[in-house]
There are 2 protein chains.
Amino acid sequence: MSSSDETGTLGKAIHLLDLIASAQDALRFSDLLKLTGQPKGSLHRQLRHLVVEGLVDLSPDGAYQPGLRLLKFASRAWARNTARKLAEPHMKQLHDVTGETVHFGVLREAEIVYLDKLESRQAVRMHSQVGNASPVYCTGIGKAAISCLTEDRLADLVQQVRFHRYTASTIADAAALKNALGLIRQRGYAEDLEEHQAGICCVAASIVVPSQNFIGGISVTAPVFRAGPLEREKWVAPVRRAASLIADDMACGLSPVHQDR
Amino acid sequence: MSSSDETGTLGKAIHLLDLIASAQDALRFSDLLKLTGQPKGSLHRQLRHLVVEGLVDLSPDGAYQPGLRLLKFASRAWARNTARKLAEPHMKQLHDVTGETVHFGVLREAEIVYLDKLESRQAVRMHSQVGNASPVYCTGIGKAAISCLTEDRLADLVQQVRFHRYTASTIADAAALKNALGLIRQRGYAEDLEEHQAGICCVAASIVVPSQNFIGGISVTAPVFRAGPLEREKWVAPVRRAASLIADDMACGLSPVHQDR
DNA sequence: AAACACTGTTCCGAATAATGGAACTACCAG
DNA sequence: CTGGTAGTTCCATTATTCGGAACAGTGTTT
């Protein structure tokens, strides 16, 4: 009902793509039959269309997986994104000050999509987080971002959320989330204390630019043994400053740094 | 005619998305009206569907851009890709041996899509090439990959290519390409001598795994002043060895390294 | 070998969504 | 006020999708 609403044929196709992309492992035709509950004929045609268009790849063994054409589209979306370009220098600065991993993400529906990441010393697995979508309720950026929503929008969003306990400290229901948001609003920043991944903490601040319809945030992340109360305390001011500078840059119309050639 | 063929409504929508993603800068409604030649009503509905689905973002100023939802899809496509996972250790090895940038890419339609990249010493702009799609005729991996196609498939593919002179040495027509492929087949590897980007050379070898429908390649890239004939000569054997090892790993059924949990 | 279950593919009348011309709104410039 | 440009909405017509059912291909049990 959510995504196949009011978008006709395209909505149904994209819903199918979403199922394929969100699945833990590769799905076969009959898995999708069960998941969608659609008649064979319809499902078969939809999948064929997706495969011909390159949005879905069909392995010789009958497994459907998200297609490589998506990479090209996404690489353009990323390269063209002005928020990301503007945030970059401030991420760099925050990274220099703290020496820890810095994330920049934006709110999309009920998830945080990571647009960029600066990692300590790791020339190896870089791409990992970029493009990843995480739930709002268990990430610092997510909680910071939604703490700035109006009551109505927040209520709409919370209804979409499916809570899942990733760790013992994960916020597990809407009431607990509402509670946490109160404190976040009061303090002006959010923390994630091993709520998504055991052993990982972060301090995050929201970035909101109404004129650009932008709601997101920036965070400093570190393993728990390098992120005690004292360290986190020290990150608060730099994170909030970076967030504020990015918001300013975005609000003041055109990018002063990279205009589009 | 190419992508909106036999895929009905979805094809038309994706063709539109492709236009938006491929454009140099952001397009407005009337730009798309000219580009597609469609009636206003139809175009407007198609765009609305794309926007509601999150595949396209509409800025407050009326500019259409590829949407952030694509990032999530692509990140899954990338994370799930087994060829990439298998290639990784061999890329690492090749990188250690040569000390230069290593690329791994796959043939999709008439383009090479880069799946991974290991860069010399650059913790900064990582994501850049990954997901990028480049023409076959002016990249080492591209030429190496298509040199292994059958006559028929090659002819089909060459017909899709729109030649564009990126530099003075770019291969500019089908005849020149056919010629170059002869030499590549004979030598067993391909070179790109500033054919795509001035000042950049590479040595590439093809990776072909018929059982997986896989056609791609791996390459070593360097600025021209570090990639003279002697250096390139030294890269040939390691590149070919890496390509061969990756092909072997892919052919032998399941991944010995990362099985899916 | 025959019967069976499982998986995927093809077909075609009925139901539905897309089409596109035209009328409508909003905004700006002269 | 007039004309022009940009974008949105409407609705009868038309083309596409829908989905039940029949039809393969493949391996398994009796």
S.K.: Under 3.5 Å, which N/O atoms of the protein pair with N/O atoms of nucleotides 3-5 of chain D?
M.R.:
none

S.K.: B/His196: what forms a ring pair (Phe, Tyr, Trp, His ring centres under 6.0 Å) with it, not counting sequence neighbours?
M.R.: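 By the ring pair (Phe, Tyr, Trp, His ring centres under 6.0 Å) rule, B/His196 matches B/Tyr166.
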
S.K.: Going by the rule side-chain hydrogen bond (donor to acceptor under 3.5 Å, both in side chains), which residues pair with B/His90 if we only count those two or more places apart in sequence or in a different chain?
M.R.: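 Per chain and number, B/His90 pairs via side-chain hydrogen bond (donor to acceptor under 3.5 Å, both in side chains) with B/Asp249.
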
S.K.: With the side chain of A/Arg28 defined as its heavy atoms from C-beta on, choose the nearest nucleotide among D/dC18, D/dT17, C/dT7.
M.R.: C/dT7

S.K.: Please collect all salt bridge (Lys or Arg N to Asp or Glu O under 4.0 Å) contacts where either partner lies in residues 134-149 of chain B, sequence neighbours excluded, each pair once.
M.R.: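 Every salt bridge (Lys or Arg N to Asp or Glu O under 4.0 Å) pair that includes a residue of residues 134-149 of chain B, provided the two are not neighbours, is B/Lys143-B/Glu195.
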
S.K.: Nearest to the side chain of B/Ser30, heavy atoms from C-beta on, is which of D/dT17, D/dG7, C/dG8?
M.R.: D/dG7

S.K.: Can you list the residues that meet the ring pair (Phe, Tyr, Trp, His ring centres under 6.0 Å) rule with B/Tyr137, with sequence neighbours excluded?
M.R.: B/Phe163

S.K.: Quick test of your reading of the model: are B/Glu109 and A/Arg69 salt-bridged, counting only N-O distances below 4.0 Å?
M.R.: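 So B/Glu109 does not pair with A/Arg69 through a salt bridge.
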
S.K.: Could you list the residues that satisfy side-chain hydrogen bond (donor to acceptor under 3.5 Å, both in side chains) with B/Ser22, not counting sequence neighbours?
M.R.: B/Asp18

S.K.: Once side-chain contact (heavy atoms from CB on, under 4.5 Å) is applied, do any residues pair with A/Lys40, and if so which ones, sequence neighbours excluded?
M.R.: A/Phe29, A/Leu33

S.K.: Which residues in residues 31-39 of chain B have a heavy atom closer than 4.0 Å to any atom of DNA chain D?
M.R.: none

S.K.: With sequence neighbours left out, write down each residue that passes salt bridge (charged side-chain N to carboxylate O under 4.0 Å, His left out) with B/Asp31, or none if nothing qualifies.
M.R.: B/Arg28

S.K.: So, using side-chain hydrogen bond (donor to acceptor under 3.5 Å, both in side chains) as the criterion, who are the partners of A/Thr170 when residues are at least two apart?
M.R.: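 In terms of side-chain hydrogen bond (donor to acceptor under 3.5 Å, both in side chains), with neighbours along the sequence ignored, A/Thr170 is linked to A/Thr167.
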
S.K.: Would you tabulate the pairs of protein nitrogen or oxygen atoms and nucleotide nitrogen or oxygen atoms of nucleotides 9-16 of chain C closer than 3.5 angstrom?
M.R.:
{"unit_1": "C/dT9", "atom_1": "OP2", "unit_2": "A/His44", "atom_2": "NE2", "d": "3.0"}
{"unit_1": "C/dT9", "atom_1": "O5'", "unit_2": "A/His44", "atom_2": "NE2", "d": "3.3"}

S.K.: Quick one: which protein N/O atoms are closer than 3.5 Å to N/O atoms of nucleotides 26-29 of chain C? Pair and distance per line, please.
M.R.:
none

S.K.: Between C1' on D/dT17 and CD1 on A/Ile14, what's the gap in Å once rounded to a whole number?
M.R.: 16 Å

